Amino acid sequence: RAASMATAMLEANASQYDEWLSSYNAYYKSLPPLMRQRFLERVVRFNLGKEIRCVNLPAEEKMPLLIGAAAVQITFGLDKYLLDYFDTIYVLQHDYKYGLFARPFEGHVNSEGIYLSWDNFLKGYADYTDADNVGIHEMAHALAYVNFMAGANDAKDDAFINRFYDFSAVARPIFNAMQEGEETMLNNYAGSNYNEFWAVSVETFFERSLQMKVYMPSLYEAMCNLLNQDPLLPEKLLQIPIGIA
């Protein structure tokens with residue numbers, strides 16, 4: 001039933017979806033037509049299982065599409081991409097206070113859902129060269145959460161988990177060096193803890209792909225192998241996953 005609903009939604013809105021994503025999402029815009037179709041199918045399927053809940057701001061028709069695209073972008077090469085553990089994505093207008101933290105948040109992920117600030121989300125895609133993209137960042141956290149922190153759940157991806165250990169064999173020494181003060185092309189925030197190192201690395205992988213490949217080739221290759229994609233390739237994917245869509 002979900003597949004037929006997704007097909008109907010896509011047939012009814014394909015032109016509008018393509019226009020919005022071509023305007024807002026540089027990754028989608030760079031895809032060849034067949035891969036654009038695959039991307040859109042995944043976004044629609046992803047959003048069928050999610051409620052977008054706006055907090056103190058009006059909902060916009062394009063919100064689910066753009067937010068879903070951030071998740072699909074990083075999971076485009078994975079079999080499991082629906083992040084089924086999460087059924088609610090909270091959207092706030094601006095930076096916000098969370099818990100006892102002094103600094104304001106642009107987004108976060110916890111057991112209750114995925115949280116994003118809308119103005120920061122749009123800003124992240126408006127400049128797709130600065131490796132500062134809260135949509136990609138928080139979806140990277142969400143992907144890690146369902147696989148490593150949420151316990152048994154339908155979104156857990158054993159193949160991804162196995163490859164993550166190979167990724168960490170490369171990434172951990174870089175993170176450890178950053179904690180000792182070594183500077184890299186990654187934002188210094190990556191050195192705060194390994195979860196942030198992961199999310200910042202994903203942002204950099206997509207938004208500064210060529211620089212990362214040149215200056216951090218081992219980390220770039222490890223990320224390619226983990227996510228089964230290379231953003232520098234026209235089709236992106238290294239292998240077509242066997243999973244849905």
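Throughout, numbering of the chain's residues begins at 1 and tracks the sequence. Here the structure is a predicted model, which means the values were calculated and not measured.
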Do [X] and [Y] touch side chain to side chain, with heavy atoms closer than 4.5 Å?
X	Y	value
K236	S30	yes
M139	I114	yes
Y85	S111	yes
L21	L65	yes
F205	L227	yes
M216	Q211	no
C224	K213	no
F197	M178	yes

Over all heavy atoms of both residues, which pair between [X] and [Y] is shortest? Give the atoms and the distance, please.
X	Y	answer
H137	A199	CE1-CB, 3.4 Å
L219	S201	CD2-OG, 3.9 Å
P234	P32	O-CD, 3.1 Å
M185	T204	CE-CG2, 3.6 Å
D79	R42	O-NH2, 4.3 Å
A131	R208	CB-CD, 4.1 Å

Can you check side-chain hydrogen bond (donor to acceptor under 3.5 Å, both in side chains) on Y220 and D230, steps first, answer last?
CA-CA 9 Å; Y220 188 83; D230 182 345; 2.5 Å; yes

Looking only at atom types and distance, does a side-chain atom of [X] sit under 3.5 Å from a main-chain N or O of [Y], one as donor and one as acceptor?
X	Y	answer
N193	E196	yes
N147	L143	yes
N120	E106	no
K156	V146	no
K50	L83	yes
Q229	Q73	yes

Counting only heavy atoms from other residues, nucleotides and ligands, does the tally under 6.0 Å from [atom1] of [X] exceed 12?
X	atom1	value
L210	CG	yes
D154	CG	no
E221	CD	no
F148	CZ	yes

same_hphob_cluster([X], [Y]) at 4.5 Å side-chain heavy-atom cutoff:
X	Y	result
L66	L57	yes
F105	V200	no
I74	L237	yes
M223	I161	yes
L92	I67	no

Is the positively charged end of R38 above the ring of F76, judged by distance under 6.0 angstrom from the centroid and angle within 45° of the axis?
yes

Can R163 be said to sit on top of Y165's aromatic six-ring, NZ or CZ under 6.0 Å from centre and within 45° of the ring axis?
no

Where does the angle between the aromatic ring planes of [X] and [Y] fall among parallel (under 30°), tilted (30 to 60°) and perpendicular (over 60°)?
X	Y	value
Y27	F206	perpendicular
H108	Y115	parallel
Y125	F121	tilted

Separation between CD of Q93 and CH2 of W118, rounded to the nearest 0.5 Å
10.0 Å

Kindly determine whether R45 and L82 satisfy side chain to side chain contact (heavy atoms under 4.5 Å, CB included), including the steps that lead there.
CA-CA 7 Å; R45 284 291 303 275; L82 297 174; 4.1 Å; yes

Just by distance, with hydrogens left out, do [X] and [Y] show a side-chain donor and acceptor under 3.5 Å apart?
X	Y	result
D84	N153	no
Y28	D18	yes
Y96	N56	no

When the aromatic ring centroids of Y194 and F175 are compared, is their separation below 6.0 Å?
yes

